[in-house]
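Down below is the structure, laid out as structure tokens.
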Amino acid sequence: MRILITGAAGFLGSHLCDRFLAEGHEVVGMDNFITGTPDNIAHLIGHPGFEFIEHNVTSFIYVKGPLDGVLHFASPASPIDYLEQPIPTLKVGSLGTHKTLGLAKAKGARYLLASTSEVYGDPQVHPQPESYWGHVNPVGPRGVYDEAKRFAEAMTMAYHRYHGLDTRIVRIFNTYGPRMRPADGRVVSNFIVQALRGDPITIYGEGEQTRSFTFVDDLVDGIYRLFHSDRVEPTNIGNPGEFTIRELADLVLEMTGSSSALEFRPLPQDDPKTRQPDITIAKAVLGWEPRVPLREGLERTIPYFRQLVEEGATARAM
Ligand SMILES: NC(=O)c1ccc[n+]([C@@H]2O[C@H](COP(=O)([O-])OP(=O)(O)OC[C@H]3O[C@@H](n4cnc5c(N)ncnc54)[C@H](O)[C@@H]3O)[C@@H](O)[C@H]2O)c1
């Protein structure tokens, strides 16, 4: 198969490129580097199955030759990024989704949208099944991301229903692993870098809010299975194992051998207090469930950040 992956130079996109190439497919990566970096795909340059096109997917997309799949992963994804880039975030979720759907239709390709657990907002149902419609503040600061993704899902389903496009929607829950940007404000990378540097670990609120963390290899495996399945409706992929933010901080401190202090700050607006996937459908339909426990995932993630910290990159540059 020949597959287009947008957001290929990002955290998840680059791991997806690796997986599709490892399975013997050809991959066209596309990215405009707004939050991604060429470093994430440097190892693929020269790979016979890989080509890269630098392009903003909110504009008309031209890809020469046939495509069997389009995976739309381009979008700022961390709260710091999408709060700094509210309009590009709305545009890539709306215009970018429209352009990538149009491309998939023109090429007769299967389409997979990267959606998010953020479509559930600050959920009033716990854990969240796919049938839950969510609790989102459209005009709050996070609305730019949540509503862009909700629109993207609606657009994807419209292409499926109206044009008969073969579509998939994955609702991704918090994922971590090598190639996350250290300064993008996501909790796992934040804590690891703070611990490795001996800086205070910043905890918002009391740290009692819970999160579930999926190791990137588990997530990519779920997405790969979903892509090859027949399931059109949105599908949660995430690790239901819940940890409080405080527990994560303690584990990171232990595993890095750091003596960083904990620093408590006020909770940001609309920060969800709990979020946990119901993965009944992924288990039943895809035969998928997460296999990598948090401790093992951190063991496989910390060395990546240790190397970056040792190379002396500054927080902002990383
Ligand atoms: N990482 C997570 O935990 C998580 C959770 C839920 C959903 N997601 C979704 O997965 C996708 C990838 O997230 P990520 O964590 O890899 O983020 P990321 O920021 O590392 O990667 C996103 C990539 O998209 C590129 N991009 C953004 N706008 C673009 C545009 N207009 N044109 C071309 N390229 C563009 C960026 O440069 C970057 O390389 C996103 O759609 C995100 O919403 C991620």
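Note that ligands are numbered from 1 as they come in the structure, with each ligand's atoms numbered from 1 the same way.
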Among all protein heavy atoms, pick out the one at the shortest distance from atom 22 (C) of ligand 1; state its residue, atom name and that distance to 0.1 Å.
Ser75 O, 3.3 Å
Name the one of Thr37, Asp81, Thr35 that satisfies side chain to side chain donor-acceptor pair (under 3.5 Å) with Arg181?
Asp81
Note the single closest protein heavy atom to atom 4 (C) of ligand 1, along with its residue, its atom name and the distance in Å.
Ile172 CG2, 3.8 Å
Pair Thr156-Tyr111, side-chain donor/acceptor within less than 3.5 Å
no
Using modelled atom types and a 3.5 Å cut-off, is there a donor and acceptor pairing between side-chain atoms of Asp218 and backbone atoms of Val292?
yes
What atoms in ligand 1 come closer than 4.0 Å to a heavy atom of Phe33?
37 (O)
If the test is salt bridge (Lys or Arg N to Asp or Glu O under 4.0 Å), which one of Glu153, Glu118, Glu130 qualifies with Arg171?
Glu153
Element-labelled atoms of ligand 1 that are located less than 4.0 Å from some non-hydrogen atom of Gly7
23 (C), 24 (O), 25 (C)
Test of proximity, Asn174 against ligand 1: N or O pairs below 3.5 Å:
no
Which atoms of ligand 1 sit under 4.0 Å from any heavy atom of His55?
32 (N), 33 (C)
Nearest protein heavy atom with distance in Å, relative to atom 41 (O) of ligand 1
Lys149 NZ, 2.7 Å
Are more than 12 heavy atoms, taken from residues, nucleotides or ligands other than His25, located less than 6.0 Å from that residue's NE2 atom?
yes
Less than 4.0 Å between a side-chain N and a carboxylate O, is that true for Glu296 and Arg300?
yes
Could you list which atoms of ligand 1 come closer than 4.0 Å to a heavy atom of Asn56?
30 (C), 31 (N), 32 (N)
Is any N or O atom of Asn32, backbone or side chain, closer than 3.5 Å to an N or O atom of ligand 1?
yes
Suppose we measure from atom 32 (N) of ligand 1 to each protein heavy atom; which comes out shortest, and what is that distance?
Val57 N, 3.0 Å
Is it the case that the side chains of His126 and Glu242 hold a donor-acceptor pair, with the cut-off being a distance below 3.5 Å and no angle test?
yes
Do Arg186 and Tyr176 form a cation-pi contact, if we require the NZ or CZ to be under 6.0 Å from the six-membered ring centre and within 45 degrees of the ring's axis?
no
Test your reading of the structure: does Met30 have an N or O sitting under 3.5 Å from an N or O of ligand 1?
no
Where is the nearest protein heavy atom to atom 19 (O) of ligand 1: which residue, which atom, and how far?
Thr35 OG1, 2.7 Å
Gap between atom CG of Leu267 and atom CD of Gln209 - 0.5 Å precision
5.5 Å
Any side-chain donor near an acceptor of the partner, Gln276 and Thr210, under 3.5 Å:
no
Could Asp221 and Arg19 be called an ion pair, given the rule that one side-chain N must be under 4.0 Å from one carboxylate O?
yes
Would Thr116 count as being in polar contact with ligand 1, using the rule that some N or O on each side must be under 3.5 angstrom apart?
no
Supply the atom-to-atom distance Asp122 CG to Asn137 CG, rounded to the nearest 0.5 angstrom.
10.0 Å
Any donor-acceptor N/O pair, Thr235 side chain to Glu233 backbone, under 3.5 Å:
yes
Only heavy atoms of Ala9, strictly under 4.0 Å: list the atoms of ligand 1 that pass.
39 (O)
Could you say whether the N/O atoms of Leu12 and ligand 1 ever approach to under 3.5 Å?
yes
Phe73-Phe227 aromatic ring centre distance below 6.0 Å
no
Non-hydrogen atoms of Arg171 versus ligand 1: any pair closer than 4.0 Å?
no
May I ask you to check whether His72 has an N/O atom sitting below 3.5 Å from an N/O atom of ligand 1?
no
Answer yes or no: does an N/O atom from Pro76 fall short of 3.5 Å to an N/O atom of ligand 1?
no
Would you say Val92 and ligand 1 have an N/O pair spaced under 3.5 Å apart?
no
If you measure every N or O of Thr37 against every N or O of ligand 1, does any of those distances drop under 3.5 Å?
no
Can you tell me the protein heavy atom closest to atom 8 (N) of ligand 1 and the distance?
Tyr145 OH, 3.8 Å
Would you say Thr58 has any N or O atom under 3.5 Å from an N or O of ligand 1, going by distance alone?
no
Nearest protein heavy atom to atom 12 (C) of ligand 1, by residue and atom, and its distance?
Phe73 O, 3.3 Å
Under a heavy-atom criterion of less than 4.0 Å, does Tyr176 contact ligand 1?
no
Compute the minimum heavy-atom distance from Arg179 to ligand 1 and say whether it is under 4.0 Å.
no
Lys107 side chain to Gly65 main-chain N or O, any donor-acceptor pair under 3.5 Å?
yes
Atoms of ligand 1, numbered as shown, that sit under 4.0 Å from any heavy atom of Ile34
26 (N), 27 (C), 28 (N), 36 (C), 37 (O)
Could a heavy atom of Arg181 be found less than 4.0 Å from some atom of ligand 1?
no
Check for me whether Ser115 has a heavy atom closer than 4.0 Å to any atom of ligand 1.
yes
Is the backbone of Ala9 close enough, under 3.5 Å, to the side chain of Asp31 for a donor and an acceptor to pair up by distance?
yes
Under 3.5 Å, is there a donor-acceptor pair between the side chain of His55 and the main chain of Ser59?
yes
Could you tell me the residue and atom name of the protein heavy atom closest to atom 17 (O) of ligand 1, and the distance to it rounded to 0.1 Å?
Ala77 CB, 3.4 Å
So if I count the atoms of ligand 1 from 1 in the order they appear, which ones are less than 4.0 Å from some heavy atom of Gly36?
36 (C), 37 (O), 38 (C), 39 (O)
